[in-house]
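Below you'll find the structure, written out as structure tokens, and then a few comments.
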Amino acid sequence: MQLTRTGCALRATSRRWATISNRFHAFNTTRAQSTTSQSATSTGPRSQPEYTRPPGLYLYGLPPGSKQPVSSPKSEGAAAGDTISTIDGKEYARDTQYNVPKQILDHVGRKLYLQPDHPLCLTRELVESAFPSDQGFNNRHEPHPVVTTKENFDDLGFPTDHPGRSKTDTYYVNQDHVLRTHTSAHELKLFSELQRELRNGSHGYTLCSDVFRRDSIDRSHYPVFHQMEGARCWRLVMADQVLSIEERSDKAGIERLLCLQAIREDRDRLPLWRHRHGEPVASHLLQQAALDLKTEDPNPTFDLETNPLQSSHSPVEVELVASHMKHSIEFLIAKVFRQAQNAGIISRSESPRVRWVPAYFPFTSPSWELEVWWQGEWLELLGCGISKQQLLIDAGIPESIGWAWGIGIERLAMLLYGIPDIRLFWSKDQRFLSQFGADQATKFREFSKYPECYKDIAFWLPEPEQDEKAAAAPKNGAETPVEIAVPSGAAASAGGHMSVEESISHPSFHENDLAEIVRDVAGPLVENVVLVDEFFSQKKQRKSLCYRITYRSLERTLTNEEVNDLHQKIRDKIEGQLRVELR
Ligand code: FA5
Ligand code: MG
């Protein structure tokens with residue numbers, strides 16, 4: 001859901017994400033000598049102070065102590081009296097935590113990423129071609145969408161009070177099970193499997209699955225979408241074994257560590273790296289990828305304050321692993337751009353642009369997001385980082401270092417084919433499906449453009465509690481429009497930006513709940529929901545919000561009566577289920 005949000009002051013007082021876990025003490029002890037011994041010569045930090053999140057960096061939710069979003073309205077999917085839910089053939093006991101609407105369940109089992117000639121399937125194959133099995137990546141998928149809260153959150157180090165765990169962000173099957181909010185829910189299992197596979201020459205994987213989020217409604221967000229996860233590991237232990245203590249005690253010795261050498265060699269073999277360093281690149285790769293990709297990466301690889309390296313890693317290791325990861329990912333994006341150029345979706349005359357943005361994820365550090373310049377704005381494609389050592393320890397591969405990323409497949413496919421609206425991926429219309437095929441560079445041809453119709457809905461938020469009033473009221477005391485922020489549907493459930501202010505300002509209203517009601521009533525007939533007006537009334541001591549709902553079918557023209565009827569139903573439900581007063 002888009003918000004007209006400018007200049008909202010973000011309060012960055014928290015240390016929520018700070019604590020880099022010391023749980024991997026055992027591993028640290030082994031590595032401690034080499035890390036400490038560098039201190040004389042290395043420019044990087046030695047020990048890991050508590051990490052204080054910098055102003056403006058609000059990935060993965062709110063700091064501890066900030067208020068949680070309110071719980072969701074009662075879900076349509078939970079019919080009274082039902083005690084068992086059957087999801088993709090498996091049964092789950094239902095409890096009060098259940099909040100999965102039927103229309104979300106209707107998306108389960110479609111497996112679009114396996115449907116031949118579907119753009120999501122073709123996009124998955126393109127990603128796999130950049131991380132192929134003959135280069136040590138097991139290409140996997142995981143169809144069953146229900147995972148435990150342990151897999152989705154705990155195993156990845158999500159704090160217990162993380163807003164992503166709330167029912168406003170996540171679909172709960174019961175108190176212990178959710179529809180996965182990201183493919184990272186399988187990271188621990190897949191890393192554990194690598195323990196065996198590392199010996200057989202595999203050192204990484206890709207995984208494709210559907211994921212589910214109570215998210216906003218617009219052309220690049222859908223509550224059910226697809227992600228691919230990728231990861232790559234190197235073993236570190238050999239190096240420690242073969243070098244003497246003396247050798248480890250100087251920087252040169254560290255640099256000679258066999259593992260580092262292996263990572264460097266792997267990195268130096270990457271086509272994009274070779275291209276940028278004037279090394280020859282196989283001609284078929286040159287043709288496949290737009291290697292003139294322009295990358296903006298102005299920040300240092302790690303920063304103690306804003307994007308720290310882990311205490312078990314040396315600066316050299318982090319630099320190399322990050323460099324390997326970024327060049328591997330950029331190569332994939334270069335492939336996407338070349339294909340889009342071949343199809344005439346983007347021009348060949350301009351070099352495609354991408355930029356790396358520091359990020360936060362509980363299970364990687366340092367972390368980044370990658371954005372691409374697309375249709376005049378930056379579009380976020382993926383999150384990634386150096387895997388948290390605790391995860392590798394838990395997976396049984398403590399002497400390893402590695403990277404991981406998670407990509408939104410729809411976003412990639414929109415780029416590849418010029419598909420303008422994320423809802424189209426679910427279309428069963430042959431006019432859509434017949435356009436794509438493995439051996440053709442395809443530019444999506446709009447087969448219809450049915451008229452849109454928008455309607456506004458305005459309401460007063462509940463009166464804030466006394467202690468919230470001071471924070472909510474505008475400082476000048478005037479009854480004027482003020483720039484406030486509402487919890488955006490920015491997917492705290494597995495990433496996304498959410499500011500502290502956003503959640504504190506409206507403790508009893510969450511935009512995701514509004515989006516859910518709109519979806520319940522109108523499903524795919526709504527293209528966009530956007531906040532168009534907001535102000536605070538001194539007299540009423542309340543805030544008013546006005547949302548514009550854009551109705552447009554991808555398959556037919558909606559009649560006035562139909563839209564009026566949908567809109568009335570949405571109004572009724574909002575009034576009945578959210579604690580707001582319609583205006
Ligand atoms: C994650 O989900 C992390 N699990 C990624 C990760 C994996 C980080 C491994 C580190 C290591 P994030 O919430 O940013 O991160 O989502 C990843 C991508 O999914 C986004 O960049 C975007 O491309 C896509 N995405 C997110 N929400 C939606 C949505 N509602 N509809 C469509 N695509 C979405
Ligand atoms: Mg994100």
Side-chain angles (χ1 to χ4, degrees), residues 56-57 59 123 126-127 129-131 220 228 230 232 264 266-303 306-307 318-359 364 366-386 403 405-420 441 443-444 495 497:
L57 192 60
L59 303 175
T123 307
L126 183 76
V127 177
S129 78
F131 298 91
S220 62
M228 276 182 89
R232 169 73 159 94
R264 179 173 287 120
D266 283 342
R267 195 272 316 267
D268 293 356
R269 270 197 290 270
L270 294 173
L272 197 57
W273 173 270
R274 292 178 66 80
H275 177 74
R276 286 177 179 165
H277 289 79
E279 305 278 337
V281 179
S283 59
H284 71 281
L285 293 177
L286 279 175
Q287 281 157 18
Q288 275 176 16
L291 296 181
D292 60 338
L293 187 73
K294 271 200 201 132
T295 304
E296 296 168 30
D297 192 7
N299 299 293
T301 301
F302 58 88
D303 180 297
T306 59
N307 207 9
V318 172
E319 290 289 354
L320 269 179
V321 175
S323 171
H324 186 280
M325 180 184 72
K326 288 179 175 176
H327 281 90
S328 307
I329 293 174
E330 285 176 36
F331 179 65
L332 164 67
I333 306 304
K335 284 187 110 176
V336 170
F337 275 123
R338 175 47 48 89
Q339 198 160 309
Q341 284 172 344
N342 289 346
I345 292 156
I346 53 171
S347 122
R348 274 179 186 272
S349 59
E350 253 178 73
S351 297
R353 284 171 70 195
V354 297
R355 71 174 183 192
W356 290 102
V357 182
T364 51
S367 310
W368 301 272
E369 286 183 323
L370 184 75
E371 299 178 347
V372 300
W373 185 249
W374 188 60
Q375 297 188 347
E377 56 185 4
W378 290 104
L379 175 73
E380 183 198 312
L381 280 188
L382 62 96
C384 64
I386 311 295
W403 52 245
W405 45 253
I407 301 185
I409 297 301
E410 277 83 351
R411 302 264 176 99
L412 219 51
M414 287 168 96
L415 228 87
L416 260 176
Y417 300 106
I419 295 174
K443 179 175 182 173
F444 171 69
H497 309 250

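- When side chains are defined from C-beta on, Trp368 does not count as touching Asn299, because their heavy atoms never get closer than 4.5 Å.
- Leu416 CG to Phe337 CZ: the interatomic distance, rounded to the nearest 0.5 Å, is 9.5 Å.
- Pro366 places a side-chain heavy atom less than 4.5 Å from the side chain of Val318.
- For the pair His327 (side chain) and Ser323 (backbone), a donor-acceptor distance under 3.5 Å is present.
- Of all non-hydrogen atoms in Ile345 and Gly418, the two that sit nearest each other are CD1-N, 3.7 Å.
- Taken to the nearest 0.5 Å, the NE2 atom of His324 stands 11.5 Å off from the CH2 atom of Trp273.
- Residue Leu270 comes nearest to Ser328 through the heavy atom pair CD1-OG, 3.6 Å, listed as atom of the first residue, atom of the second, then distance.
- With rounding to the nearest 0.5 Å, the separation of CG in Leu370 from CG in Leu382 is 5.0 Å.
- Using modelled atom types, no side-chain atom of Arg274 and backbone atom of Arg269 make a donor-acceptor pair closer than 3.5 Å.
- The side-chain heavy atoms of Leu286 and His275, taken from C-beta on, include a pair separated by under 4.5 Å.
- Once rounded to the nearest 0.5 Å, the distance linking OG1 of Thr364 with CE of Met325 reads 8.0 Å.
- Under the 4.5 Å side-chain criterion, counting only non-hydrogen atoms from C-beta, Leu412 is in contact with Ile333.
- In this pair, Phe131 and Trp405 present their aromatic rings tilted. The plane angle is within the 30 to 60° band.
- The closest side-chain heavy-atom distance from Ile329 to Cys384 is below 4.5 Å.
- Between Phe302 and Ile386 there is no side-chain heavy-atom pair separated by less than 4.5 Å.
- In terms of heavy-atom proximity, Ser220 sits nearest to Met414 at CA-CE, 4.4 Å.
- When only modelled atom types and interatomic distance are considered, Trp356 and Glu330 share a side-chain donor-acceptor pair under 3.5 Å.
- Contact annotation: the side chain of Arg338 never approaches that of Gln288 to less than 4.5 Å [non-hydrogen atoms, C-beta and beyond].
- Met228 places none of its side-chain heavy atoms less than 4.5 Å from the side chain of Leu332.
- Considering NZ of Lys443 and CD1 of Ile419, their distance stands at 12.5 Å, rounded to 0.5 Å.
- Of the inter-residue distances, the one linking Gln339 atom CD with Leu126 atom CG reads 5.5 Å to the nearest 0.5 angstrom.
- Between Leu415 and Ala340, the shortest heavy-atom contact is O-CB, 3.6 Å.
- For residues 345-359, every residue pair satisfying the salt bridge (Lys or Arg N to Asp or Glu O under 4.0 Å) rule, not counting sequence neighbours, is listed here: Glu296-Arg353, Arg355-Glu371.
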